[in-house]
Amino acid sequence: QVQLVESGGGLVQAGGSLRLSCAASGRTFSTYARGWFRQAPGKEREFVAAINWSGGDTYFADSVKGRFTISRDNAKNTVTLQMNSLTPEDTAVYYCAAARSMRAKAGGYDYWGQGTQVTVSS
């Protein structure tokens, strides 16, 4: 059974940092792009960041550019989202996903995790 499991969410004050991790099991995703999306209450799921299969190319939403970084460890089948300078607007459930190629559209991702809650207090 293929699973993506996010961890690292929680409550943090504005200006703080969190590090989200996504562990994959059931198959290797070393040839897949990996992405992070988020969904706030009452809003649609939105793209946050993506990384290509080798880690050599990354792409970020304008809203997080310069504050978030994405990295991956293919040996461990994991992807990490480092979030700095968090604001209340970053509050959402964060999902990791895997796709055959790097993209910002949620519809292009084949595998999804269950999500982890990130809450940023003002």
Side-chain angles (χ1 to χ4, degrees):
Q1 181 181 2
V2 176
Q3 281 190 312
L4 298 179
V5 179
E6 303 92 340
S7 62
L11 174 65
V12 64
Q13 288 189 330
S17 298
L18 279 176
R19 186 177 180 89
L20 304 183
S21 292
C22 176
S25 61
R27 65 158 295 157
T28 178
F29 287 99
S30 60
T31 61
Y32 275 63
R34 306 290 292 276
W36 287 94
F37 290 76
R38 67 187 182 186
Q39 188 167 17
K43 295 187 177 181
E44 293 187 353
R45 189 170 299 190
E46 66 173 0
F47 170 75
V48 175
I51 188 167
N52 76 335
W53 70 273
S54 68
D57 193 15
T58 58
Y59 181 59
F60 296 91
D62 288 343
S63 58
V64 306
K65 203 171 295 183
R67 300 187 298 122
F68 291 11
T69 59
I70 186 171
S71 60
R72 65 187 297 160
D73 185 335
N74 284 341
K76 296 182 178 179
N77 223 5
T78 60
V79 62
T80 299
L81 184 70
Q82 177 67 42
M83 307 186 295
N84 299 326
S85 303
L86 286 162
T87 74
E89 288 69 38
D90 295 314
T91 295
V93 177
Y94 283 70
Y95 300 87
C96 72
R100 296 183 184 275
S101 60
M102 191 171 69
R103 60 195 65 205
K105 297 288 189 181
Y109 284 78
D110 303 305
Y111 300 93
W112 290 87
Q114 292 300 306
T116 185
Q117 176 70 47
V118 170
T119 303
V120 184
S121 63
S122 58

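No cation-pi contact links Arg100 to Trp53, judged by a cut-off of 6.0 Å to the six-membered ring centre and 45° from its axis.
Note on Trp36: it does not cluster hydrophobically with Phe47, by side-chain heavy-atom contacts below 4.5 Å among ILVMFWY residues. Leu20 and Tyr109 are assigned to two separate hydrophobic clusters, defined by single-linkage of ILVMFWY side chains at heavy-atom distances under 4.5 Å. With hydrophobic clusters built from ILVMFWY side chains whose heavy atoms lie under 4.5 angstrom apart, Leu81 shares a cluster with Val12. Phe60 and Phe37 fall into different hydrophobic clusters, where Ile, Leu, Val, Met, Phe, Trp and Tyr side chains are chained together by heavy-atom contacts under 4.5 Å.
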Between Tyr95 and Val93, does the side chain to side chain contact (heavy atoms under 4.5 Å, CB included) criterion hold? Intermediate values first, please. CA-CA 7 Å; Tyr95 300 87; Val93 177; 3.5 Å; yes
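When all heavy atoms are compared, the tightest approach of Asp57 to Met102 is OD2-CE, 3.2 Å. In terms of heavy-atom proximity, Ser21 sits nearest to Thr80 at OG-OG1, 3.8 Å. Contact between Ile51 and Ser71 at its shortest, heavy atoms only, is CD1-CA, 3.7 Å. A pairwise comparison of heavy atoms in Gln114 and Glu6 identifies N-OE1, 3.2 Å as the closest pair.
With contacts defined as side-chain heavy-atom distances shorter than 4.5 Å, the pair Val64/Met83 does not qualify. Using a 4.5 Å cut-off on side-chain heavy atoms (C-beta onward), Gln82 and Ser17 make contact. Phe68 places none of its side-chain heavy atoms less than 4.5 Å from the side chain of Thr58. For the pair Trp112 and Leu4, the minimum side-chain heavy-atom distance is 4.5 Å or more. The shortest distance between side-chain heavy atoms of Val2 and Phe29 falls below 4.5 Å. Contact annotation: the side chain of Arg38 approaches that of Ser63 to within less than 4.5 Å [non-hydrogen atoms, C-beta and beyond].
In this structure, OH on Tyr32 lies 4.5 Å from OH on Tyr111, to the nearest 0.5 angstrom. Taken to the nearest 0.5 Å, the OG1 atom of Thr87 stands 13.5 Å off from the CD atom of Gln13.
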Under 3.5 Å, sequence neighbours excluded: what are the donor-acceptor pairs made by side chains of residues 115-122?
residue: Thr116; atom: OG1; partner: Gly9; partner atom: N; Å: 3.3
residue: Gln117; atom: NE2; partner: Ala92; partner atom: O; Å: 3.4
residue: Gln117; atom: NE2; partner: Thr119; partner atom: OG1; Å: 3.3

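Side chains of Arg103 and Ser101: a donor on one and an acceptor on the other come within 3.5 Å. Side chains of Thr78 and Asp73: a donor-acceptor N/O pair is absent below 3.5 angstrom, by distance only.
Between the side chain of Arg67 and the backbone N or O of Ser85 there is at least one donor-acceptor pair closer than 3.5 Å. With hydrogens and angles ignored, the 3.5 Å screen pairs no side-chain donor or acceptor of Asn74 with any backbone N or O of Asn77.
Counting heavy-atom neighbours within 6.0 Å of Lys43 NZ, excluding the residue itself, gives a total of 12 or less.
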